There are 2 protein chains.
Amino acid sequence: MPDLRPGLQHLYLRDEDLRLGIELLFYAYRDFTAEPDRMLEEIGFGRAHHRAIYFVGRYPGINVGELLAILRITKQSLSRVLGELVRKGYILQRQGTSDRRQRRLELTEQGAALERKLSENQRRRIAAAYRAAGPAAVEGFRRVMLGLIDERDRRKVAAEPAKTPPLAAKQRA
Amino acid sequence: MPDLRPGLQHLYLRDEDLRLGIELLFYAYRDFTAEPDRMLEEIGFGRAHHRAIYFVGRYPGINVGELLAILRITKQSLSRVLGELVRKGYILQRQGTSDRRQRRLELTEQGAALERKLSENQRRRIAAAYRAAGPAAVEGFRRVMLGLIDERDRRKVAAEPAKTPPLAAKQRA
DNA sequence: GCATATATGTCAACAACACTGACATATTCG
DNA sequence: CGAATATGTCAGTGTTGTTGACATATATGC
């Protein structure tokens, strides 16, 4: 576990340093999403479908409210995408046991296959960037990226998947 | 200038490491764009306007084709946004001197003011993340982010603004 | 147990932003 | 001069987001 305490260094930041940061985010995100977008288009889906499939795969049994909190979109927007994914057999909904109002979501085998296919290029891209940059750079990347995320979500993102059973603590907006 | 040669380390990458990378990009981008989006909404603009204003400010005198190559959208999409920005006095177009078919774009004073206002939050967010993570982490962040960007754009992104007068070398797709 | 709150879903209308395809104009280049 | 290039425009379409209103099932508090 790395030391995550804030550095509080007197880092001198020029305007160009900040601009570069802005641009790195723009270009990296642009290129990171391009290939999955192309694959999605072929099967009549969009980026929103990818997001839903990804996070349902990441948190099997996640309920709708939790997914909405991650995506930060309205339930109407999610509903369209989710309904399509359910109808076409990529996701299935089961009534919650402790709270039967909830719909717990999980991927079907077909859904898991699509998720793997879509993320494959992204994983390859990340693996290549990590390998080229080296372990120390990866650690720095993580620290900065976590710092860019809204404080209230940092813990959740940083937590290991195994340590995050069914999104135990739900944080409200 | 840091050593940017590929490390070729035998970095052991677990599935969770790659998943975390994917998620860091999703969450960071989500939160990085949220506030500018809110401000844009108030004046009837969207994220596409921000991008156009940003890159015209970044490369004063950029022409339409170069801007299209950065944004990776169609000219019809850009045209709508750009036309609005011109009509409302944020951007002005001047005929190119060496090639008079070109429209060289630049921000008006109003445009520059909007750009500063929109980017202010993003700069603050980046500065805070950089300061909290420390200089070594920032260097690692840059290396990994550059590695995520399509190879053909890495040089351009990494170049200092001052060293990049009017997008000297145009790289075609 | 009843009233209220919560989790979810649905219908309808709308806006932003991307796309394709077709066509037009001005300018440059061989 | 003819072809290629830079740009612009018109028209139609699809995805993804929004707001607002309303419905149902279930849980929770008094």
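All figures in this text were calculated on a predicted structure; none of them were measured in a lab. Computed over heavy atoms, backbone and side chain alike; hydrogens, waters and symmetry mates excluded. Reminder, nothing fancy here: chain letters follow the sequence lines and each chain counts from 1.
Not a single salt bridge (Lys or Arg N to Asp or Glu O under 4.0 Å) links B/Arg80 to another residue, sequence neighbours left out. Scanning for salt bridge (Lys or Arg N to Asp or Glu O under 4.0 Å) contacts around A/Lys88 gives A/Glu84, with sequence neighbours left out. Listed by chain and number, the residues in a salt bridge (Lys or Arg N to Asp or Glu O under 4.0 Å) with B/Arg94 are B/Glu106 (sequence neighbours excluded). Residues satisfying the ring pair (Phe, Tyr, Trp, His ring centres under 6.0 Å) test with A/Phe55, not counting sequence neighbours, are B/Phe26, B/Tyr27. For A/Ala113, the side chain to side chain contact (heavy atoms under 4.5 Å, CB included) test picks out A/Arg116, with sequence neighbours left out. In this structure, B/Arg155 has no salt bridge (Lys or Arg N to Asp or Glu O under 4.0 Å) partners at least two apart in sequence or on a different chain. Every residue was checked against the ring pair (Phe, Tyr, Trp, His ring centres under 6.0 Å) condition with B/Phe32, not counting sequence neighbours, and none meets it.
Applying a 4.0 Å cut-off to non-hydrogen atoms, the residues of residues 94-101 of chain B that approach DNA chain C are B/Gln95, B/Ser98, B/Asp99, B/Arg100, B/Arg101, listed by residue number. Shown for residues 36-50 of chain A: residues whose heavy atoms fall under 4.0 angstrom of DNA chain D, namely A/Gly44, A/Gly46, A/Arg47, A/Ala48, A/His49.
Relative to the axis of its first five pairs, the axis of the last five pairs of the helix from C/dG1-D/dC30 to C/dG30-D/dC1 sits at 30°, rounded to 10 degrees.
In terms of heavy atoms, B/Val81 sits closest to B/Ala52 at CG1-CB, 4.2 Å.
Close to C/dA18, at under 4.0 Å from its OP1 or OP2, lies a side-chain N or O of B/Arg51. In this model, the phosphate group of C/dA18 is not approached by any side-chain N or O of B/Thr74 to a distance below 4.0 Å at OP1 or OP2. Taking only side-chain nitrogens and oxygens, A/Ser79 comes nearer than 4.0 Å to OP1 or OP2 of C/dT10. Applying the 4.0 Å criterion to OP1 and OP2 of D/dG12, one finds that B/Gln76 has every side-chain N and O outside that range.
A donor atom on one side chain and an acceptor atom on the other are not found under 3.5 Å apart for A/Tyr90 and A/Glu115.
Nearest nucleotide to the B/Lys75 side chain, out of C/dT8, D/dT16, D/dT7: D/dT7.
Counting any heavy atom pair closer than 4.0 Å across all strands shown, A/Glu84 reaches no nucleic acid atom.
Between the side chain of A/Arg80 and the base of D/dG17 there is at least one donor-acceptor pair of N/O atoms closer than 3.5 Å.
For residues 35-46 of chain B, the side-chain hydrogen bond (donor to acceptor under 3.5 Å, both in side chains) pairs, not counting sequence neighbours, are B/Glu35-B/Asn121, B/Asp37-B/Arg47.
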If you look only at distance, which donor and acceptor atoms sit under 3.5 Å apart when one is on a side chain in residues 68-77 of chain B and the other is two or more places apart or in another chain?
from	atom 1	to	atom 2	distance (Å)
B/Arg72	NH1	A/Asp31	OD1	3.2
B/Arg72	NH1	B/Asp150	OD2	3.4
B/Arg72	NH2	B/Asp153	OD2	3.1
B/Thr74	OG1	B/Ser77	N	3.3
B/Thr74	OG1	B/Ser77	OG	3.1

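Where A/Ser77 and A/Arg103 meet DNA chain D, the nucleotide closest to each residue was compared, and A/Ser77 sits on the side nearer the 5' end.
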